[in-house]
Number of protein chains: 2
Amino acid sequence: MTGFDLDDFLPYQLAVAAARVSRGFADRYREEFGITIPEWRVLAHLSAAGAPVSVREIHARVDMDKSKVSRAAARLERAGLVAKAENAVDRRLVALTLTPAGAALVARIVPVALDWQAEMTARLGSAGDVAAFRRVLARVIEEA
Amino acid sequence: MTGFDLDDFLPYQLAVAAARVSRGFADRYREEFGITIPEWRVLAHLSAAGAPVSVREIHARVDMDKSKVSRAAARLERAGLVAKAENAVDRRLVALTLTPAGAALVARIVPVALDWQAEMTARLGSAGDVAAFRRVLARVIEEA
DNA sequence: GGATTATCGTTGCAGATGCAACGAAGTCAA
DNA sequence: TTGACTTCGTTGCATCTGCAACGATAATCC
């Protein structure tokens, strides 16, 4: 009637695609590793940083509200995967690090995540299309 | 350290991109038209259908939980944008239709949405890349 | 026809989320 | 040093969300 089809509308497509993928991932992370996606983001960033990291830094780096980071970190600490210390130089800051258990968990998750990604991209189309997809996706993140 | 970078991880990229785009859209819809994204989805589908539609159908067609559809429809009815009637054949079903005010609102929103989409895709890369992007995105939605 | 089973839309509830406000700590200027 | 201002992380609060349960209606089977 109006000539408008939600299925061809980019924000809708993006939201649906992200929701489906996130759901699949969240289910797997929960069943297999007992963590949520926000927790996974914190773990991943802690692992990549390799050094103590503040809540603020994760918040800025990983697209999560600082309260979300704070709560995820609290859960991870309770689970013994992350250690919270005080930054000696600036006592407002928290110094988050992976515990050995946390590092071990990340080591278990990473290959699973990479496999999942590889298998997924293989199903999505030609290598060229997937490369273009990722280029544009990165652009969306920059520009939006 | 682990060689794992969240920024290159597809589910993360998708989630971030969708969140940013949705946020921008939600702000604009709220300020300019006074509706939320779930409400917009219901309106758009009602407009495309052109005939009375059940909650069940929107739920199946538009990737929303049926409770979400139900609540969005209730708000839209309160706002006078949607009419709820009983399906005469199957009295379990609700028959949702746009009121004239609802149709008028959709007519105002659609050009804005299409403009937004056009402007956005123009900024995202070459026409070829964008086409590939949308191909792959559609594939993600099918497969995931 | 009557009983069982399935489907529809709504609602209660528990959990997650974003925002704002707060106390604690730091910075800076006079 | 003191006082105003900023930044950090946590928490209270209102809202949104998904799931399960429910009453109402319909379909199916005997």
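A, B, ... follow the sequence lines: proteins, then strands. Residue 1 opens every chain.
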**Request:** Measure the distance from CZ on B:R30 to P on C:dG18 and round it to the nearest whole Å.
**Result:**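 Those two atoms, CZ and P, are 14 Å apart.
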
*Between C:dT10 (P) and B:R78 (CZ): distance, integer Å*: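 My rounded result for the distance is 11 Å.
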
Can you tell me the distance, in whole Å, between the NE2 atom of A:H59 and the P atom of D:dT7?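 A:H59 atom NE2 is separated from D:dT7 atom P by 12 Å.
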
- Task: Could you check how far CZ of B:R41 sits from C1' of D:dC16, rounded to whole Å?
- Result: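 Computing the B:R41:CZ to D:dC16:C1' distance gives 14 Å.
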
Item to complete: Specify the separation, in whole Å, of atom CG of A:L93 and atom C1' of C:dT27.
Response: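 One finds 13 Å between C1' of C:dT27 and CG of A:L93, rounded.
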
Inset, instruction - Grab the CD-C1' distance between B:E57 and C:dT7 for me, whole Å please. - result: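 These atoms are roughly 15 Å apart.
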
query: Among B:L93, B:L96, B:V42, which one satisfies side chain to side chain contact (heavy atoms under 4.5 Å, CB included) with B:V55?
result: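 So the option named by the test is B:L96.
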
Do B:L98 and B:V82 come close enough that some side-chain heavy atom pair is under 4.5 Å?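 Contact flag for B:L98/B:V82 side chains = yes.
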
All side chain to side chain contact (heavy atoms under 4.5 Å, CB included) counterparts of B:R56, not counting sequence neighbours: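 Side chain to side chain contact (heavy atoms under 4.5 Å, CB included) check on B:R56 returns B:S54, B:H59, B:A60.
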
Requested in this report: Evaluate the side-chain proximity of A:L10 to B:F133: yes if any heavy-atom separation is below 4.5 Å, no if none is.
Outcome: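 The answer is yes; the side chains approach within 4.5 Å.
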
Worksheet item: Any side-chain heavy-atom pair from B:I58 and B:L46 closer than 4.5 angstrom?
Response: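 Yes, side chains in contact.
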
Polar side-chain atom of B:T121 near backbone of B:Q117 as donor-acceptor pair, under 3.5 Å: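 Yes, because the side chain of B:T121 sits within donor-acceptor range (under 3.5 Å) of the backbone of B:Q117.
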
Whole-Å distance separating the CZ atom of B:R75 from the C1' atom of C:dT10
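Nearest whole value for this atom pair: 14 Å.
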
Quiz prompt | Lys/Arg N to Asp/Glu carboxylate O, A:R61 vs B:D7, below 4.0 Å | solution =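 Salt bridge flag = yes for B:D7 with A:R61.
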
Query raised in the report: Of all the choices, C:dT10, D:dG9, C:dT17, which nucleotide is nearest to the side chain of A:R56 once you look at every atom?
Result: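 In terms of side-chain proximity for A:R56, the closest of C:dT10, D:dG9, C:dT17 is D:dG9.
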
ask   = Under 4.0 angstrom, heavy atoms only, what part of the nucleic acid is B:S54 near: base, sugar-phosphate, or nothing?
value =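 Since only primed, P, OP1 and OP2 atoms lie under 4.0 Å of B:S54, the category is sugar-phosphate.
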
B/S/- along nucleotides 19-26 of chain C (protein heavy atoms under 4.0 Å) is B-----BS

For a quick test of reading the model: is some side-chain N or O of A:K68 closer than 4.0 Å to OP1 or OP2 of D:dT11?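 For D:dT11, neither OP1 nor OP2 has a side-chain N or O of A:K68 closer than 4.0 Å.
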
- Message: Please report the distance, rounded to the nearest Å, between CG in A:L96 and P in D:dC8.
- Response: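 Whole-Å distance recorded here is 14 Å.
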
